[in-house]
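Letters go in sequence order (proteins before strands), and every chain restarts at 1.
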Amino acid sequence: MPSVEKIIEDEISSPSVFKEKHKLYPEYTPSSLPHREKQLKQLAQLFKSFFSSPGEEMQRVMLVGSFGTGKTVTSKLFGASASSLASRNGIRLKYVHVNCYKSRTLPQIIYNISLDLGITLPQRGLSAQELMRGLIEELERRNTYAIVALDEFDYFALMSSGLNSIYVLVRAYDEYVNKKKRLHFIFISRSISTLENIDPSSSTYFLKNIVEFSPYTYSELYDILKERADEALYPGVISDDELKYISMIEGYDKGGSGSARTALEILVRAGESADSEKRSSITLDDIRKAHVIVKPELAMLQDQVSALDRHELVLYLSVIKALKGSGSGFVRIGDVEKIYRVLCEAYNLQPRRHTQVYTHILELRSMGFIQTKSSGKGFRGKSTLIGISAAPLYVLESKVEELLKRE
DNA sequence: ATTACAGCGGTAAAGGGCGG
DNA sequence: CCGCCCTTTACCGCTGTAAT
């Protein structure tokens with residue numbers, strides 16, 4: 001029986017197929033972006049007037065495309081290049097990326113923008129308009145411009161008062177008519193239809209400058225995977241045929257989701273599978289195994305789940321457990337709350353009371369984690385029934401528990 | 001110090017729909 | 001049609017910050 005230390009040591013020092021694993025993670029921003037030249041060009045064109053006459057007008061651009069089509073990464077890369085280009089021209093331009101899942105209210109968003117810009121605004125006590133005024137004046141004082149990307153924008157727009165709030169952002173300069181327009185916006189959204197549904201009249205306001213991101217095809221995915229695999233894996237770990245196989249699985253023209261995110265995750269899991277069996281290369285079986293685990297819907301949830309705080313995670317876990325226990329497709333909100341109380345104890349949390357539980361449930365719903373419907377016959381009184389359609393419960397459960405353990 | 005005001009979370013009353 | 005029971009919401013108190 002080897003010592004614990006020995007076991008851990010062996011595991012850590014065992015060889016890996018990964019040279020730089022992090023380069024396969026969704027949050028990694030690669031230096032080049034295959035098959036997104038058109039979108040970058042469009043973005044550049046829309047911001048052209050900024051470079052010729054900064055501050056003259058406020059730019060508003062909307063990036064639209066389904067999950068894993070490179071919206072976020074394109075935006076970040078554009079922002080980075082734009083600001084370095086600007087600084088070469090003697091303009092101070094900063095790029096700020098805000099995730100609307102994490103910053104759910106307007107004041108939070110403004111606060112986070114200013115935080116990223118190195119501006120300290122109070123978190124409390126000030127209204128959104130006042131925060132906005134503070135931000136604008138500070139930009140003015142520093143002679144700085146900013147491109148603000150609002151990621152997962154459809155979620156923000158869906159929230160009650162979301163659309164009204166947007167005007168606070170976008171019309172902020174109405175009261176500074178002769179000041180330079182220092183704030184510019186990139187809205188990132190999964191689809192335009194959600195925005196159109198909310199408020200058709202004001203949607204035209206956002207839908208003027210649209211850059212579309214189409215799902216990746218088989219050959220496009222191959223190019224992306226090839227490039228990333230070269231950076232992240234040791235040479236010879238994976239063959240072209242195997243990369244093509246993954247591309248085939250996910251390629252939009254081959255009936256896949258067209259998501260680079262999912263394709264990359266399959267690559268990561270396949271690599272992990274090879275590692276765990278101490279093989280120095282990835283086999284087709286590794287990929288098949290990985291494919292079973294990595295479902296597009298799950299990969300989509302992955303980054304959203306990480307935006308949840310502990311209480312929301314525990315509550316989500318409660319929903320999962322309640323559903324597992326009931327065996328039926330739906331459970332009542334009250335049952336979920338009971339389980340939530342128990343789970344809080346297990347995770348050493350002071351349980352939130354009913355109001356908070358309720359609002360968190362609403363939030364989980366608007367983020368798409370759960371679905372709700374009103375109870376019909378067979379229930380006494382009115383009750384909200386909660387269901388999860390995203391993925392198999394046991395997979396979700398292990399994923400959420402893993403996240404909770406990470407503290 | 002005092003006022004004013006926003007977020008957060010809780011309490012309790014109001015609302016809503018079905019069984020009896 | 002009543003009463004029940006869970007959901008939903010109105011409102012309150014507490015805390016933290018800026019302006020006065």
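Between A:Lys338 atom NZ and C:dC5 atom C1' there is a gap of 11 Å when expressed in whole angstrom units. Rounded to an integer number of Å, the gap from A:Leu106 CG to B:dA6 P is 13 Å. Between the OH atom of A:Tyr111 and the P atom of C:dT17 there is a distance of 10 Å, given to the nearest Å. Rounded to whole Å, atom C1' of C:dT8 lies 16 Å from atom NE2 of A:His360. One can place CD of A:Gln356 at 6 Å from P of B:dG10, the figure rounded to the nearest angstrom. A straight line from CD1 of A:Ile361 to C1' of B:dG9 spans 16 Å, rounded to a whole angstrom. When rounded to the nearest whole Å, the span between CD of A:Gln108 and P of B:dA6 equals 16 Å. Computed from coordinates, the A:Leu362 CG to C:dT7 C1' distance equals 10 Å when rounded to whole Å.
Computed from C1' positions of five pairs at each end, the angle between the two local axes of the helix from B:dA1-C:dT20 to B:dG20-C:dC1 equals 20°, rounded to 10 degrees.
Residues satisfying the salt bridge (Lys or Arg N to Asp or Glu O under 4.0 Å) test with A:Asp253, not counting sequence neighbours, are none. Under the side-chain contact (heavy atoms from CB on, under 4.5 Å) criterion, A:Lys181 pairs with A:Met58, A:Tyr173, sequence neighbours left out. In this view, A:Arg141 and A:Glu138 satisfy the salt bridge (Lys or Arg N to Asp or Glu O under 4.0 Å) rule, not counting sequence neighbours. The salt bridge (Lys or Arg N to Asp or Glu O under 4.0 Å) check on A:Lys76 picks up nothing, with sequence neighbours excluded. Take A:Lys21 and apply the salt bridge (Lys or Arg N to Asp or Glu O under 4.0 Å) test, not counting sequence neighbours, and it matches A:Glu272. With sequence neighbours excluded, no residue forms a side-chain contact (heavy atoms from CB on, under 4.5 Å) with A:Gln45.
Sorted by first then second residue, the salt bridge (charged side-chain N to carboxylate O under 4.0 Å, His left out) pairs that include residues 80-100 of chain A, not counting sequence neighbours, number zero.
Across all their heavy atoms, A:Leu221 and A:Ala263 have their closest contact at CD2-CB, 4.2 Å.
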Which protein N or O atoms sit under 3.5 Å from an N or O of nucleotides 11-14 of chain B?
unit_1 : atom_1 : unit_2   : atom_2 : d
B:dT11 : O4     : A:Thr355 : OG1    : 2.6

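At C:dT7, none of the side-chain N or O atoms of A:Tyr358 fall inside 4.0 Å of OP1 or OP2 (strictly under the cut-off).
A:Phe187 and A:Phe153 have tilted rings, their planes meeting at an angle from 30° to 60° on a 0 to 90° scale.
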